[in-house]
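Bear in mind the structure is a predicted one, so any value in this text is a computation, not a measurement. Excluded from the calculations below are hydrogen atoms, water molecules and symmetry mates; all remaining heavy atoms, backbone and side chain alike, are included.
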Amino acid sequence: MKGRLFGVGVGPGDPELMTYKAVRIIKECQVLAVPARDRKHAVSYRIAAEMIENMEEKEFLDLDTPMTKDRQILDRNYENAAGRIIEELEKGKDVAYLTLGDPTIYSTYMYIHRIVKAKGYETTIISGIPSFCAAAARLDDSLVDRAEELHVIPSSYGIEAALNYSGTKILMKSASGISEVKRTLEEKDGNVNVKMIENCGMPEERIYERIEDVPEQAGYYSLLIVKESEKER
């Protein structure tokens, strides 16, 4: 019998936000895959390890992904990662791929998931808590009310047009271009309320309540919540 692949949402940030199902699946799987060169550098591994005893005794696949937008390089990496997972599935071992937040939202895992599934193996997604939901909870506020719209935007690809959408905008993948994102938002001249959370739920978490307080450099796990000002609603 061939093994199964599970994409397991972990966190985000706070180990106590892991679901019971995620914990159970990780415990049951013989092999854990992490998106890093070394599992100790994988945030998803460190979070799960706080909730699950003796994780270091499991077998591991360290599946590092290069930080690039070059599709050819990325596609080769995904194929290689899928190939290594399939080797374990062929041995009858179940594999849990640990990913931060929810696997269905801007996750490297989904590219690997599709390759493995297309080759005829059983795959299952274990939902996690999306980072922007966790961030809203930390800010003690809702994301949207009544008929307001919610837009999730990868800000590393530009945000100018998206800022014209009505409702709340979640700006993800902001770290590499945070200075440009900050300038663009400042040009809105009071028409928006902006808050940013860096490393939500982690010990090094930082919350910025105003756009002018946002630093020129930010960590990889940063997102901004942009709401229309009261006068614009």
Side-chain angles (χ1 to χ4, degrees), residues 6-26 35 42-52 96-110 125-156 159 162-163 165-176 178 181-182 185 188 191-215 218-230 232-233:
F6 297 88
V8 183
V10 173
D14 184 350
E16 293 182 349
L17 293 181
M18 288 181 63
T19 66
Y20 284 110
K21 188 172 185 178
V23 171
R24 176 177 63 80
I25 292 296
I26 293 171
V43 175
S44 55
Y45 168 79
R46 297 201 301 269
I47 291 171
E50 291 189 42
M51 292 296 290
I52 301 169
Y97 187 108
L98 309 185
T99 184
L100 200 62
D102 187 275
T104 65
I105 301 173
Y106 298 129
S107 173
T108 294
Y109 166 75
M110 287 307 305
I125 296 172
I126 309 299
S127 298
I129 295 176
S131 58
F132 47 85
C133 292
R138 288 289 295 119
L139 293 171
D140 200 31
D141 197 3
S142 66
L143 288 172
V144 284
D145 297 319
R146 298 184 179 87
E148 290 177 336
E149 298 175 353
L150 179 66
H151 305 274
V152 182
I153 301 157
S155 56
S156 57
I159 63 172
L163 289 180
Y165 300 159
S166 64
T168 300
K169 277 74 68 173
I170 307 297
L171 306 184
M172 301 185 69
K173 300 186 176 185
S174 300
S176 60
I178 191 64
V181 169
K182 182 178 178 180
L185 289 170
K188 298 297 285 185
N191 291 331
V192 293
N193 295 318
V194 182
K195 295 182 181 180
M196 187 179 98
I197 295 190
E198 186 177 12
N199 302 313
C200 182
M202 304 179 197
E204 59 273 29
E205 177 185 273
R206 297 289 183 273
I207 296 178
Y208 304 93
E209 299 278 356
R210 304 179 303 167
I211 186 60
E212 53 264 38
D213 296 333
V214 171
Y220 180 74
Y221 299 110
S222 298
L223 67 82
L224 296 94
I225 298 178
V226 182
K227 289 192 171 187
E228 297 171 346
S229 63
E230 290 296 331
E232 295 295 318
R233 294 184 179 184

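Put simply, the side chain of Ser155 never gets that close to the backbone of Leu171: no donor and acceptor are under 3.5 Å apart. Checked by atom type and distance alone, the side chain of Glu198 pairs as donor or acceptor with a backbone atom of Gly219 at under 3.5 Å.
When all heavy atoms of Thr104 and Met110 are compared, the closest pair comes out as CA-CG, 4.2 Å. What you find for Met202 and Gly13 is that their closest heavy atoms are CG-CA, 3.7 Å. Heavy-atom minimum distance, Ala162 versus Ile153: CB-CD1, 3.4 Å. Between Pro215 and Met196, the shortest heavy-atom contact is CD-CE, 4.1 Å. Taking each heavy atom of Ala135 and Leu223 in turn, the nearest pair found is CB-CD1, 3.9 Å. For the residue pair Glu50 and Pro15, the shortest heavy atom distance occurs at OE1-CG, 3.4 Å.
If you take OG on Ser166 and CD on Glu148, they are separated by 9.0 Å, rounding to the nearest 0.5 Å. Interatomic distance, CE of Met172 versus OG of Ser222, reported as 10.5 Å (0.5 Å rounding). Distance check: Ile197 CD1 to Ile207 CD1 gives 4.5 Å after rounding to the nearest 0.5 Å. Between the CG atom in Leu100 and the CZ atom in Arg46 there is a gap of 10.0 Å [rounded to 0.5 Å]. Atom CD1 of Ile47 sits about 10.0 Å away from atom CG of Leu98, to the nearest 0.5 Å. The distance from the NZ atom of Lys182 to the CG atom of Asp213 is 7.5 Å, given to the nearest 0.5 Å.
Using a 4.5 Å heavy-atom cutoff, the side chains of Ser107 and Thr99 are in contact. Looking at heavy atoms from C-beta onward, Glu205 lies in side-chain contact with Arg138 at the 4.5 angstrom threshold. Between Leu185 and Leu163 there is a side-chain heavy-atom pair separated by less than 4.5 Å. By the 4.5 Å heavy-atom criterion applied to side chains, Val8 and Pro103 are not counted as neighbours. The closest side-chain heavy-atom distance from Ile159 to Lys169 is not below 4.5 Å. At a threshold of 4.5 Å between non-hydrogen side-chain atoms, the residues Ile105 and Phe132 count as touching. No side-chain heavy atom of Lys21 sits less than 4.5 Å from a side-chain heavy atom of Ser127. Contact annotation: the side chain of Val144 never approaches that of Glu149 to less than 4.5 Å [non-hydrogen atoms, C-beta and beyond].
Using a 4.0 Å cut-off between a side-chain N of Lys or Arg and a carboxylate O of Asp or Glu, Lys195 and Asp141 do not qualify as a salt bridge.
Within a 6.0 Å radius of CD in Glu204, more than 12 heavy atoms belonging to other residues, nucleotides or ligands are found. Heavy atoms of other residues, nucleotides or ligands lying less than 6.0 angstrom from OH of Tyr106 number more than 12.
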> Where do Ile26 and Met51 land on the side-chain contact (heavy atoms from CB on, under 4.5 Å) test, with the steps shown first?
Replying inline: CA-CA 10 Å; Ile26 293 171; Met51 292 296 290; over 6 Å; no
>> Using side-chain contact (heavy atoms from CB on, under 4.5 Å), reason through Tyr97 and Thr108 one step at a time and then give a plain yes or no.
In response: CA-CA 10 Å; Tyr97 187 108; Thr108 294; 4.1 Å; yes
>> Determine whether Ile170 and Leu143 satisfy the following criterion, side-chain contact (heavy atoms from CB on, under 4.5 Å), listing intermediate values before the conclusion.
In response: CA-CA 9 Å; Ile170 307 297; Leu143 288 172; 3.7 Å; yes
